[in-house]
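This report concerns only the one structure given below.
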Amino acid sequence: MLSYEKITEARSHLKDIYDSAQRGVPSLVRREQDSPIVIVKADSFKRALRALCPIGPQVRFTESNVSMWLPGLPVSAEGTDFDAAETEFIAALRDYAELWAEDLGGFPNHADNWGLVNLVLLSSDEELRAHAFGGS
């Protein structure tokens with residue numbers, strides 16, 4: 001595993017860091033007294049996040065609409081049918097991830113949602129739909 005104690009050192013070895021991540025081996029980069037940063041291949045990271053962060057929305061059907069929400073999180077959606085609610089739910093996940101990255105991540109009651117946020121930020125709508133609702 002590659003490890004660099006200074007950003008300038010890591011910058012001069014960027015090709016090695018990239019090649020290492022492509023092979024599935026992480027690299028560590030540290031700046032002074034900060035915690036080290038890990039550089040990994042995005043697909044591997046997404047796979048790990050999917051395993052750690054299940055997205056299991058609650059669903060309620062009424063005569064006129066379908067509601068979806070994630071208990072404990074400010075993520076909810078409604079639609080006239082399941083497909084419409086599903087699309088709105090993915091948009092609500094993206095809105096939460098954006099708000100988290102801008103501000104909410106700094107609050108103790110949201111800080112532990114970093115995994116879900118990173119999964120949302122790194123995934124396509126189709127990947128999120130498959131993870132939340134099943135499918136390939």
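The figures that follow rest on heavy atoms only: side chains count, while hydrogens, waters and symmetry mates do not. Quick caveat, the model's predicted, so the values are computed rather than measured.
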Problem set entry | Interatomic spacing from CZ in Phe89 to CG in Leu70 - rounded to 0.5 Å |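 Reported to 0.5 Å precision, the distance equals 3.5 Å.
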
Problem set entry | NZ on Lys41 to CD on Gln22, rounded to 0.5 Å |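 Reported to 0.5 Å precision, the distance equals 4.5 Å.
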
Residue list, side chain to side chain contact (heavy atoms under 4.5 Å, CB included) with [X], at least two apart or on another chain:
| X | answer |
| --- | --- |
| Glu32 | none |
| Gln58 | Trp69, Pro71 |
| Pro108 | none |

For [X], enumerate each residue passing the side chain to side chain donor-acceptor pair (under 3.5 Å) test, keeping only those at least two apart in sequence or located in another chain.
| X | value |
| --- | --- |
| Glu86 | Arg129 |
| Arg11 | none |
| Glu5 | Arg30 |
| Asp125 | Arg94 |

Exercise. Do Ile37 and Leu28 have side chains that get closer than 4.5 Å, going by heavy atoms?
Worked result: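 A side-chain contact under 4.5 Å is absent here.
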
Exercise. Okay, side chain of Glu98, backbone of Asp95: is any donor-acceptor separation there less than 3.5 Å?
Worked result: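 No, the answer is negative, given that no donor and acceptor are paired below the 3.5 Å cut-off.
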
For this session: Check whether any side-chain N or O of Ser20 sits under 3.5 Å from a backbone N or O of Ser27 as a donor-acceptor pair, and report yes or no.
Result: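 Absent.
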
Problem set entry | Tyr18 ring center near His13 ring center (under 6.0 Å) |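 Tyr18 vs His13: aromatic centres not under 6.0 Å.
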
For this session: Please go through Ile17's hydrophobic cluster and name the other residues, only I, L, V, M, F, W, Y counting, with side-chain heavy atoms under 4.5 Å joining them.
Result: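 Grouped by the 4.5 Å side-chain rule, Leu2, Tyr4, Ile7, Val29, Ile39 form the rest of the cluster around Ile17.
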
Problem set entry | Shortest non-hydrogen contact between Tyr96 and His110, atoms and distance |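 Scanning both residues completely, I find the closest heavy atoms to be OH-ND1, 2.8 Å.
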
Exercise. Looking only at heavy atoms, which two atoms of Pro57 and Ala132 are closest? And how far apart?
Worked result: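 Closest heavy-atom pair between Pro57 and Ala132: CD-O, 3.8 Å.
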
For this session: Go through the structure and list residues passing salt bridge (charged side-chain N to carboxylate O under 4.0 Å, His left out) with Asp16, not counting sequence neighbours.
Result: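 Not a single residue meets the salt bridge (charged side-chain N to carboxylate O under 4.0 Å, His left out) criterion with Asp16.
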
Just distance, no hydrogens or angles: give the donor-acceptor pairs under 3.5 Å from side chains in residues 72-85, sequence neighbours left out.
| unit_1 | atom_1 | unit_2 | atom_2 | d |
| --- | --- | --- | --- | --- |
| Glu78 | OE1 | Asn65 | ND2 | 3.4 |
| Glu78 | OE2 | Ser67 | OG | 3.4 |
| Asp81 | OD1 | Asp83 | N | 3.3 |
| Asp81 | OD1 | Ala84 | N | 2.8 |

For this session: Please check if Val59 and Leu93 belong to a single hydrophobic cluster, counting links between Ile, Leu, Val, Met, Phe, Trp and Tyr side chain heavy atoms closer than 4.5 Å.
Result: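 Yes; Leu93 is reachable from Val59 via cluster members.
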
For this session: Scan residues 47-64 for pairs that pass salt bridge (Lys or Arg N to Asp or Glu O under 4.0 Å), counting only residues two or more places apart or in two chains.
Result: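 Listed once each, the pairs would be none.
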
For a quick test of your reading: what N or O donor-acceptor pairs under 3.5 Å do the side chains of residues 115-123 make, sequence neighbours left out?
| unit_1 | atom_1 | unit_2 | atom_2 | d |
| --- | --- | --- | --- | --- |
| Asn118 | ND2 | Trp114 | O | 2.7 |
| Ser123 | OG | Leu119 | O | 2.7 |

